[in-house]
Asks: 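Here you go, one structure.
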Amino acid sequence: MSDFYQRVYEVVRLIPPGRVTSYGAIARYLGTGRSSRMVGWAMNLSHHQPEYVPAHRVVNRNGLLTGKIHFTPPSAMQELLENEGITVTDDQIVNFNQYFWNPMDEL
DNA sequence: ACGTTGACCTATA
DNA sequence: GTATAGGCCAACG
């Protein structure tokens, strides 16, 4: 596995419970910059990884759960977030700015 | 080998 | 405020 994916999974695992981040934030932190789609691909392959990756804490820039359909079942993502104290309405995180966790600030 | 797709983002109108 | 366009690059058929 290339270093890129390895670093993506590493950062995702560092997300504190009850907090969320965005693909773009991870991409910029890793230096890939505009190629934030690769982060999405990394998440798509995350379930192959031996170590568990909390992909439900990664959403798009608007705080919308665009990737929930890749979960089994799709409602699992929303339930996991609500289980951590995050309110989700219509596949969108309420007060997203409040729960947002920026890798730049912590790392 | 080539065209299309995609868990995105930024910019422009 | 929404709508559309372009760019990004790996994986799939």
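Hydrogens, waters and symmetry mates are skipped; everything else that's a heavy atom, side chains included, is used. A, B, ... follow the sequence lines: proteins, then strands. Residue 1 opens every chain.
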Asks: Between P on dA11(B) and CZ on Arg61(A), what's the gap in Å once rounded to a whole number?
Replies: 12 Å

Asks: Of the candidate nucleotides dA7(B), dC9(B), dA11(C), which contains the atom at the shortest distance from the side chain of Trp41(A)?
Replies: dA11(C)

Asks: Look at the side chain of Met38(A) and decide which nucleotide, out of dC9(C), dA7(B), dC9(B), has an atom nearest to it.
Replies: dC9(C)

Asks: Just to be sure I understand the rule, does Ala42(A) reach a base, reach only the sugar-phosphate, or reach nothing, if contact means heavy atoms closer than 4.0 Å?
Replies: nothing

Asks: Just by distance, do the side chain of Asn60(A) and the backbone of Gly63(A) share a donor-acceptor pair under 3.5 Å?
Replies: yes

Asks: Given dA11(C), is OP1 or OP2 found less than 4.0 Å from the side-chain N or O atoms of Tyr5(A)?
Replies: yes

Asks: Using whole Å, report how far CE of Met77(A) lies from C1' of dA7(B).
Replies: 8 Å

Asks: Could you say whether Arg28(A) or Gly40(A) is positioned toward the 5' end of DNA chain B, judged by the nucleotide with the nearest heavy atom to each?
Replies: Gly40(A)

Asks: State whether Tyr29(A) and Arg7(A) meet the cation-pi test: NZ (Lys) or CZ (Arg) under 6.0 Å from the six-membered ring centroid, and within 45° of the perpendicular axis.
Replies: no

Asks: Using a 4.0 Å cut-off on heavy atoms, which residues in residues 82-96 of chain A reach DNA chain B? List them by number, or say none.
Replies: none

Asks: To the nearest Å, give me how far apart OH (Tyr23(A)) and C1' (dA7(B)) are.
Replies: 4 Å

Asks: Determine the Euclidean distance between corresponding C1' atoms of dA7(B) and dA3(C); express it in Å to zero decimal places.
Replies: 22 Å

Asks: Without decimals, in angstroms, what is the distance between Lys68(A) NZ and dA7(B) C1'?
Replies: 13 Å

Asks: With the side chain of Ser35(A) defined as its heavy atoms from C-beta on, choose the nearest nucleotide among dT10(B), dA7(B), dC9(C).
Replies: dC9(C)

Asks: In this structure, are over 12 heavy atoms from other groups packed under 6.0 Å from Arg34(A) atom CZ?
Replies: no

Asks: Using whole Å, what does the distance between atom P of nucleotide dG6(B) and atom CE of Met43(A) come to?
Replies: 19 Å

Asks: In this structure, how many angstroms lie between the C1' atom of dA7(B) and the CD1 atom of Ile26(A), rounded?
Replies: 11 Å

Asks: Look at the side chain of Asn62(A) and the backbone N and O of Leu64(A), then say whether any donor-acceptor pair between them is shorter than 3.5 Å.
Replies: no

Asks: Please report the distance, rounded to the nearest Å, between NE2 in His48(A) and P in dA11(C).
Replies: 12 Å

Asks: Take Glu84(A) and Arg19(A), measure what salt bridge (Lys or Arg N to Asp or Glu O under 4.0 Å) needs, and give me the verdict at the end.
Replies: CA-CA 8 Å; Glu84(A) 294 184 352; Arg19(A) 306 294 295 278; over 6 Å; no

Asks: Let me know the distance between CG of Leu45(A) and C1' of dG6(B), rounded to the nearest Å.
Replies: 12 Å

Asks: If every non-hydrogen atom of Met77(A) is compared with every non-hydrogen atom of Gly67(A), which pair is closest and at what distance?
Replies: SD-C, 4.1 Å

Asks: With the 4.5 Å side-chain cut-off for hydrophobic clustering, are Tyr52(A) and Val12(A) part of the same group?
Replies: no

Asks: Nearest to the Asn60(A) side chain among dA11(C), dC9(B), dA7(B), which nucleotide is it?
Replies: dC9(B)

